[in-house]
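Have a look at the structure below, then the notes.
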2 protein chains.
Amino acid sequence: MDAIQDEAVSKRARGLDRAFEILDFLRQKRQALKPNEIAAQIGAPRSSVYELVNLLLSNGILEFTGGEGRVYLGRKLYFLGAAYENHFDFTRECEAALEQLADETRETAQFCMLDGNKYTVVRMREGARPFRISTDIGQSVPIPWTASGRLLVAHLPDQEILNFIPQQDFRLPNGEWLDPQSFIAEVRQAEREGLFTFNSIVDSFTHCFAVPVRGEQGHAAATLCLVTPRDDGIANRDRYLDCLKKAAAGLEHAPARPRRG
Amino acid sequence: MDAIQDEAVSKRARGLDRAFEILDFLRQKRQALKPNEIAAQIGAPRSSVYELVNLLLSNGILEFTGGEGRVYLGRKLYFLGAAYENHFDFTRECEAALEQLADETRETAQFCMLDGNKYTVVRMREGARPFRISTDIGQSVPIPWTASGRLLVAHLPDQEILNFIPQQDFRLPNGEWLDPQSFIAEVRQAEREGLFTFNSIVDSFTHCFAVPVRGEQGHAAATLCLVTPRDDGIANRDRYLDCLKKAAAGLEHAPARPRRG
DNA sequence: CATTTTTGTCCGCTATAATGTACATGTGAT
DNA sequence: ATCACATGTACATTATAGCGGACAAAAATG
């Protein structure tokens with residue numbers, strides 16, 4: 001079941017993969033692009049991209065927008081995403097949990113998941129401070145940069161974790177190199193304790209708290225996090241962790257519930 | 001630019017199309033299914049479906065859920081849909097408009113769009129009546145069955161409308177046949193007046209009001225609707241239409257707004 | 001103007017993706 | 001036990017999808 005890396009210098013890409021590469025690229029760019037630009041920037045043959053874009057357009061997966069023949073993600077994707085959200089109905093409880101956390105702690109609260117082999121903030125509630133600490137929703141961040149990351153991969157064996165996370169993601173934003181073995185150690189610690197906290201390694205003034213939200217198979221399907229100023233976080237550590245655990249417990253009951261069954 | 005209809009009895013289906021056929025099918029079913037079931041129900045070769053499902057699984061487009069090898073729409077779709085929603089940032093204003101409508105009229109208010117060649121309720125706010133009139137979100141409904149349908153296709157020439165809407169969608173739920181020409185006439189009337197209202201043809205007790213929400217190119221990108229008991233609707237017709245138009249006007253300002261541009 | 005770059009279309013070649021078929025296993029009915 | 005059916009896998013065949021490259025219009029550049 002482990003995916004083969006494409007070692008071979010690349011033969012022909014499969015249409016489906018190319019298509020989702022295009023979609024992911026547009027999502028990452030967060031703006032409409034011309035087919036030509038897409039081709040150039042993802043390094044794919046122009047003729048292929050043109051053909052795929054036209055196919056996706058005619059399916060409603062992409063839409064013309066922004067003029068000049070630019071395309072962006074289409075309505076169909078919204079509908080499909082809404083169906084996912086509806087099936088794994090975490091949104092309602094999730095918002096409630098974040099609200100509760102924000103009320104109790106006045107800190108920024110986040111609900112995070114994996115997106116492929118990256119970490120992503122799915123929903124967020126800003127804290128009530130004069131200077132709020134905030135994050136972009138839906139941005140892909142290397143797993144090792146985050147507290148949640150330790151929890152989200154904890155169900156995997158060591159070696160699979162190392163295969164799963166791209167090498168370069170252990171290079172921290174300040175240029176330092178995070179030793180994968182110490183990362184693994186932190187993962188195991190997080191797994192044992194059911195939480196992870198640290199002074200953020202992506203900046204110099206925040207402290208992060210993360211606890212798992214366990215899914216169907218019992219491993220962390222998501223995390224709830226608090227992002228706080230360092231001194232506040234350290235001062236309120238126990239209380240904050242209690243709040244997080246309470247909120248996470250409230251989320252763990254209604255995972256997947258089909259309509260009719 | 002007009003799409004060719006696939007007259008030919010069908011040769012080989014393209015992977016991409018098959019893939020999105022699978023996704024749409026799962027959305028429609030609103031439940032996890034085994035690959036085998038999918039193949040049988042959409043009438044596709046089993047081997048093809050198995051291959052595609054595996055591809056989609058490895059991309060995060062589909063996910064195992066519900067056990068027994070059943071699959072359903074995956075997290076990646078949620079992320080892509082969220083990016084769409086974020087780009088065409090209608091959600092916030094949309095909820096506000098529905099809230100306002102529900103407050104002012106106490107009737108069920110809906111925000112509707114086309115999904116391919118079907119009509120879909122994207123968001124809804126139930127009215128404040130003891131017996132609420134409600135609809136399922138995200139269900140695909142034939143365009144001719146709905147008041148909004150008249151507005152959503154009004155930008156097309158007559159012939160293209162007839163090409164666009166599947167023949168069988170003119171068969172109403174009560175078995176009657178709606179003459180396409182009278183449908184077209186209603187479309188043109190709706191276009192002239194900038195609204196459409198009628199006693200619903202999908203049941204015997206509701207009256208429907210729809211006004212367009214115009215998008216980039218000036219045609220109805222969506223509609224705002226009220227679904228009311230017949231007598232209330234007819235009694236309050238003018239007021240309700242005013243409320244709808246006011247709410248729609250509030251939505252028409254922020255259509256597509258790229259992040260940086 | 002001439003020249004270069006960007007953008008979109010068209011077409012032939014061939015690697016390969018979609019398919020049909022056969023096979024293997026599990027499950028339940030008779 | 002035997003049969004029927006549902007479910008998943010493996011493989012050879014061949015229609016075609018992805019690709020490269022040619023062409024041309026349009027836009028930018030000099």
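Every chain is numbered from 1, with letters handed out A, B, ... down the list of sequences. From a predicted model like this one, the values you see are computed outputs, not experimental measurements.
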Short N-O contact, Glu51(A) and Arg46(A), less than 4.0 angstrom: no
Distance in angstrom units between Leu55(A) CG and dA17(D) C1', rounded: 10 Å
Parallel, tilted or perpendicular, as decided by the 30° and 60° cut-offs, for the rings of Tyr78(B) and Tyr84(A): tilted
Glu37(B) with Lys34(B): basic N within carboxylate O range, under 4.0 Å: no
Annotated protein contacts, base or backbone, on nucleotides 20-25 of chain D with a non-hydrogen cut-off under 4.0 Å, one of B, S, - each: BBB---
Separation of dT7(D) C1' from Leu33(B) CG (nearest whole Å): 14 Å
Short side-chain to backbone donor-acceptor contact, Arg150(A) and Thr146(A), under 3.5 Å: yes
Aromatic ring proximity Phe90(B)/Phe111(B), centre distance under 6.0 Å: yes
Whole angstrom value for the distance that separates P of dT27(C) from CG of Asn36(B): 15 Å
Main-chain N/O of Leu26(A) paired to Arg30(A) side chain as donor or acceptor, under 3.5 Å: no
Integer-rounded Å distance: dT7(C) P and Gln41(A) CD: 10 Å
Tyr119(A) backbone acceptor or donor facing Trp145(A) side chain under 3.5 Å: no
Interatomic distance where OH belongs to Tyr50(B) and C1' belongs to dG20(C) [whole Å]: 15 Å
Value in whole Å for how far the C1' atom of dT27(C) lies from NZ of Lys34(B): 10 Å
Between dT7(D) (C1') and Glu68(B) (CD): distance, integer Å: 11 Å
Whole angstrom value for the distance that separates C1' of dA18(C) from CG of Asn54(B): 15 Å
Might you list the N or O atoms of the protein lying below 3.5 Å from N or O atoms in nucleotides 13-17 of chain C, with each pair's distance?
residue, atom, partner, partner atom, Å
dT14(C), O2, Arg12(A), NH2, 2.9
dA15(C), N3, Arg12(A), NH1, 3.4
dA17(C), OP2, Arg14(A), NH2, 3.2

Any donor-acceptor pair under 3.5 Å from Arg27(A) side chain to Ala82(B) backbone: no
Electrostatic pair Arg75(A)-Asp115(B), nearest N-O below 4.0 angstrom: no
